[in-house]
Number of protein chains: 4
Amino acid sequence: MKFIREPIVRLIAVTHFSKPTDLDEFNLWQTDTDNPAQQLIEAAGRTCYRSWHNPSGRTNQQYIANLMSQGHLSVIEHASASFYIRGISRACSHEIVRHRHFSYSQLSTRFVDESESDFILPDAIADDAQAMEAFTQAVTVAQEAYRKIYERLRDKFANVEDRTLRRKLARQAARMVLPHALETALVMTGNFRAWRHFIRMRATEHADVEIRKVAIAVLEQLQQVAPAVFGDFTIKTLDGGVTVAEPAFLYE
Amino acid sequence: MKFIREPIVRLIAVTHFSKPTDLDEFNLWQTDTDNPAQQLIEAAGRTCYRSWHNPSGRTNQQYIANLMSQGHLSVIEHASASFYIRGISRACSHEIVRHRHFSYSQLSTRFVDESESDFILPDAIADDAQAMEAFTQAVTVAQEAYRKIYERLRDKFANVEDRTLRRKLARQAARMVLPHALETALVMTGNFRAWRHFIRMRATEHADVEIRKVAIAVLEQLQQVAPAVFGDFTIKTLDGGVTVAEPAFLYE
Amino acid sequence: MKFIREPIVRLIAVTHFSKPTDLDEFNLWQTDTDNPAQQLIEAAGRTCYRSWHNPSGRTNQQYIANLMSQGHLSVIEHASASFYIRGISRACSHEIVRHRHFSYSQLSTRFVDESESDFILPDAIADDAQAMEAFTQAVTVAQEAYRKIYERLRDKFANVEDRTLRRKLARQAARMVLPHALETALVMTGNFRAWRHFIRMRATEHADVEIRKVAIAVLEQLQQVAPAVFGDFTIKTLDGGVTVAEPAFLYE
Amino acid sequence: MKFIREPIVRLIAVTHFSKPTDLDEFNLWQTDTDNPAQQLIEAAGRTCYRSWHNPSGRTNQQYIANLMSQGHLSVIEHASASFYIRGISRACSHEIVRHRHFSYSQLSTRFVDESESDFILPDAIADDAQAMEAFTQAVTVAQEAYRKIYERLRDKFANVEDRTLRRKLARQAARMVLPHALETALVMTGNFRAWRHFIRMRATEHADVEIRKVAIAVLEQLQQVAPAVFGDFTIKTLDGGVTVAEPAFLYE
């Protein structure tokens, strides 16, 4: 067992556009970007207005900014991004999965052995010796209880023929003693509109510490990947040391 | 602290139809049921086919069965049901909220004091003395640690002026030691199609014990409320004592 | 054939709450409203905060206003409303069904005979004699063509044994000549949050005439049904005679 | 004006995976495919089971097939695909946009001039001289009426200062005479699970001719892009010359 202080958040997938070579409208169309996600968004916008000839002479960045400023946010739904997230607690993941416009694949406590797993240690607890002592004792006792219960129940269910089912029956009961601090891992995928909403809701002072860190890490990577879509968010650190982000375009 | 063995699942709301009095089609239409949810479903179906005169002479039950047998399930989306669910663990609620077609309002561990809360005790643990001892010790130590950490952090954040924020900062850190067995409560709302899917996925032998009990309790109540929609599910008890349910109409 | 000038919009269903009689928290809880949808919303809110004893002494109206002002909009998702909508064109319905959080049952042009159907006449056309003449001729020629094509194809597909399939094959081809002005009918169901979004997007000056009329009619009825949820919208008539609505609570 | 007989369906974007270089689990993991969408799906699955070391020694194709055969379909949600679709009627697009799990950007009849637009000609009509004559006359009269009404209303709204709004007011009224055969164009994006559902529902004998052609064209391209996900569908031509597709894995 070790204690984890910071989430790991890695962009692992993003939408790639490829231009059809045999259609007049796409041959007519010229854009100044080679950003694969932003090309798709511009193409989607130009489909709505049949404006492949770019009558206003806008750059890709200007074109997307113009759509967004008019509240025409649906075009950014065509691009999506996937993150691999680890080093967060199951308290945090329980909040994350409440966002219903995303797809999730999460480490299963029913299938996976958690007897050597790690735990998330909140800064507020780490900074206080007595809190830290209580925390350490609680997670240690919990993980020992997990091992003990798992062992007992695996024997109890020894008559269940299917080995995977036998373990699952034991683990799903044993996991009940595991603390919310238990580390989890997940892959989380959503389109750019969903990510904007997630960031707006979670990169604020009012959000829980862990989910805010995730939201900021997501934003930093998406600003690299699609500056025209996420560039209006400003990241800043408040007096208490809390990092938050705020969008210029309010609607998502 | 007490240990809870069975979930509490109560239907608290359902859709009520009321017939417009000034439209020819509704005046022409006659149905043999006074079930308020099933009337709405029939009306939705007859809107698609402009068949208010009931050319096939079907009862409401027959009409709905006929739509469902043709895979025309979207009509049952018009009726929805809300359940108040308590006596389940946060391990269970973490699985429940993965169902993205529902609306949830769940007891917040960030806002609410959990120092006197109860815990879910799995049957498999209760049946084994040594597992039970480990379980009892773990949850007891955890709740004591929760109280201790909360007390320390409330003092630490004493300089935070907003009383609600101060408590939230302390509770969101302290909750990290609470076990997954912690009782939670939620209101869960979904349309009949979403409920059929939930039941089909969760009232099976492969599901976790708690969520299966919830699914069966939901089904029993929905079969009272809308027999034409949920009547095809058969509830049965398997050899090991596990209660499951299976639909006759496979698609949802 | 006749020409239709105004949509018909009728509330036909809404969520009804019924209080469980055997649970302490519900017995403790007292509210000052008998509004069945608003009771459910308050109960959902109190589930989150375990505040059944109403520590702030709020009325139901105040309680819901407080949640909404904090952006805690998810609680209003538990209540839903269904409308029967007729007297709109298929141009309008094509826009309506783009709202993905609703459930729809719409009159099918593949299954239903449209040879005697009516058409929506826009005010702007009705007010101009020459536009009116062109409109009348176009829809008349179109409906005659529909009848002719249907007749020819029904004969052509005479060898198809299934009578419903035979008609469907003929109608799905024949409908291609029908104008977008063709009247349609649908049942549309969504939760209160989805309806707030629909109204905010569609009851504005920028929206199409027909869909704006639908949004205003929906709002007027929902303000009766759930004043605490929709009461912040102000309906007003602009200089050009256009009726619009604007919310006080911006986020939905 | 010209008549269009076949839809144009082009894959324009798909999800690209890129492996993080600094995480133990991803360094441990080896897969036999360089397919960027399928790599992501495997990584999502291995996140659930913490099985980066591939204990069963499965190929990527076998791994995905195994997940799908167990009904664990959520993993294929992480990959998405976008299609540019043209040469379909607005009758067809009205059906397409009923699929609520997709994102759409569609050519706007409110913003775009349709006075020179093309129309979809159904095979059943093209094959019958009298039906063809009625069809040709109807769409010709309709487009002439569109031009006439647009001209009248543009003058009528001459006092509206905003040029875009002036045109929009005229076009949204004038479009009411346009037939359902009017060609439209759209960009349609969805994850692989949504596409499987779309294909299963629309590549059948019961579907409308146009939407079935779209579904088959989508499937053919997705089978190239992600054979492990779409390879179980069999495309075949029925006696009447209708091309359909059927999946081996029933659940989506």
Side-chain angles (χ1 to χ4, degrees), chain C residues 89-91 93-95 97-104 106 109-110 119-125 127-128 130-135 137-139 141-153 156-157 165 168-170 172-182 205-206 208-210, chain D residues 89-91 93-95 97-104 106 109-110 119-125 127-128 130-135 137-139 141-153 156-157 165 168-170 172-182 205-206 208-210:
Chain C
S89 71
R90 280 180 53 95
S93 68
H94 201 323
E95 287 193 32
V97 300
R98 289 291 297 276
H99 289 266
R100 289 162 292 183
H101 283 137
F102 290 87
S103 296
Y104 301 97
Q106 182 175 1
T109 50
R110 293 179 72 210
F119 297 91
I120 310 309
L121 171 61
D123 293 343
I125 292 177
D127 292 349
D128 182 280
Q130 291 188 37
M132 185 64 193
E133 195 189 323
F135 179 86
Q137 193 205 359
V139 302
V141 168
Q143 200 164 37
E144 277 165 13
Y146 174 83
R147 287 190 207 112
K148 180 75 187 173
I149 294 169
Y150 175 58
E151 205 173 279
R152 295 291 305 172
L153 298 189
K156 186 185 160 186
F157 293 121
L165 178 59
K168 196 168 72 171
L169 287 170
Q172 75 187 21
R175 68 174 170 164
M176 295 290 266
V177 296
L178 289 172
H180 278 70
L182 181 69
E205 205 181 350
H206 307 291
D208 181 84
V209 176
E210 277 189 276
Chain D
S89 71
R90 281 180 53 92
S93 69
H94 202 322
E95 287 192 33
V97 301
R98 289 290 299 275
H99 289 266
R100 289 163 293 182
H101 283 135
F102 290 86
S103 297
Y104 301 97
Q106 184 176 359
T109 50
R110 293 180 70 210
F119 297 90
I120 309 311
L121 171 60
D123 293 343
I125 293 177
D127 293 350
D128 180 282
Q130 292 190 37
M132 186 63 193
E133 194 189 324
F135 179 86
Q137 194 205 0
V139 302
V141 169
Q143 200 164 36
E144 277 163 14
Y146 174 83
R147 287 189 207 114
K148 180 75 187 173
I149 294 169
Y150 176 57
E151 206 174 278
R152 297 290 306 170
L153 299 188
K156 184 183 162 189
F157 293 121
L165 178 59
K168 198 168 70 170
L169 287 170
Q172 74 187 19
R175 69 173 170 164
M176 295 290 266
V177 296
L178 289 173
H180 278 69
L182 181 70
E205 203 180 351
H206 306 291
D208 181 84
V209 176
E210 276 189 277

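We name chains A, B, ... by the order of the sequence lines, and we start the count at 1 in each one. Basis for what follows: all heavy atoms, side chains included, without hydrogens, waters or symmetry-related copies.
When each of C:Arg90, C:Lys148, C:Gln137 is checked for heavy-atom pairs under 4.5 Å with chain D, C:Arg90 comes out on top. Among C:Asp208, C:Val97, C:Ile149, the residue with the largest count of heavy-atom pairs under 4.5 Å with chain D is C:Asp208. The most heavy-atom pairs under 4.5 Å with chain D, out of C:Gln130, C:Arg152, C:His99, C:His94, come from C:His94.
Contacts of D:Phe157 with chain C are made by side-chain atoms alone, with heavy-atom separations under 4.5 Å and no backbone atom involved. For chain C, the nearby parts of D:Ile120 are the backbone and the side chain; heavy atoms of each come within less than 4.5 Å. Neither the backbone nor the side chain of C:Glu151 comes within contact range of chain D, judged by heavy atoms closer than 4.5 Å. Only the side chain of D:Asp128 comes within contact range of chain C, judged by heavy atoms closer than 4.5 Å. Within the 4.5 angstrom heavy-atom criterion, no atom of D:Glu144 approaches chain C. C:Thr109 does not touch chain D: none of its heavy atoms, backbone or side chain, sits under 4.5 Å away. Only the side chain of C:Glu95 comes within less than 4.5 Å of a heavy atom of chain D; its backbone N, CA, C and O stay farther away. Heavy atoms of C:Arg110 lying under 4.5 Å from chain D belong exclusively to its side chain.
How far CZ of C:Arg175 is from OG of D:Ser89: 6.5 Å, rounded to the nearest 0.5 Å. To the nearest 0.5 Å, atom CD1 of residue D:Ile125 and atom CG of residue C:Leu153 are 6.0 Å apart. Atom CG of residue C:Leu178 and atom CG of residue D:Leu178 lie 13.0 Å apart, to the nearest 0.5 angstrom.
Of all non-hydrogen atoms in D:Pro179 and C:His180, the two that sit nearest each other are O-CE1, 3.4 Å. Contact between C:Ala145 and D:Ala134 at its shortest, heavy atoms only, is CB-O, 3.6 Å. Across D:Ala138 and C:Val141, no two heavy atoms sit closer than the pair CA-CG1, 3.9 Å.
Every residue two or more places apart in sequence or in another chain was checked for a ring pair (Phe, Tyr, Trp, His ring centres under 6.0 Å) with D:His206, and none qualifies. Under the rule for a ring pair (Phe, Tyr, Trp, His ring centres under 6.0 Å), the partners of D:Phe135 that lie at least two apart in sequence or sit in another chain are D:Phe3.
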If you apply the rule side-chain contact (heavy atoms from CB on, under 4.5 Å), what do you find for C:Asp127 with D:Lys156, and how did you get there?
CA-CA 10 Å; C:Asp127 292 349; D:Lys156 184 183 162 189; 3.6 Å; yes
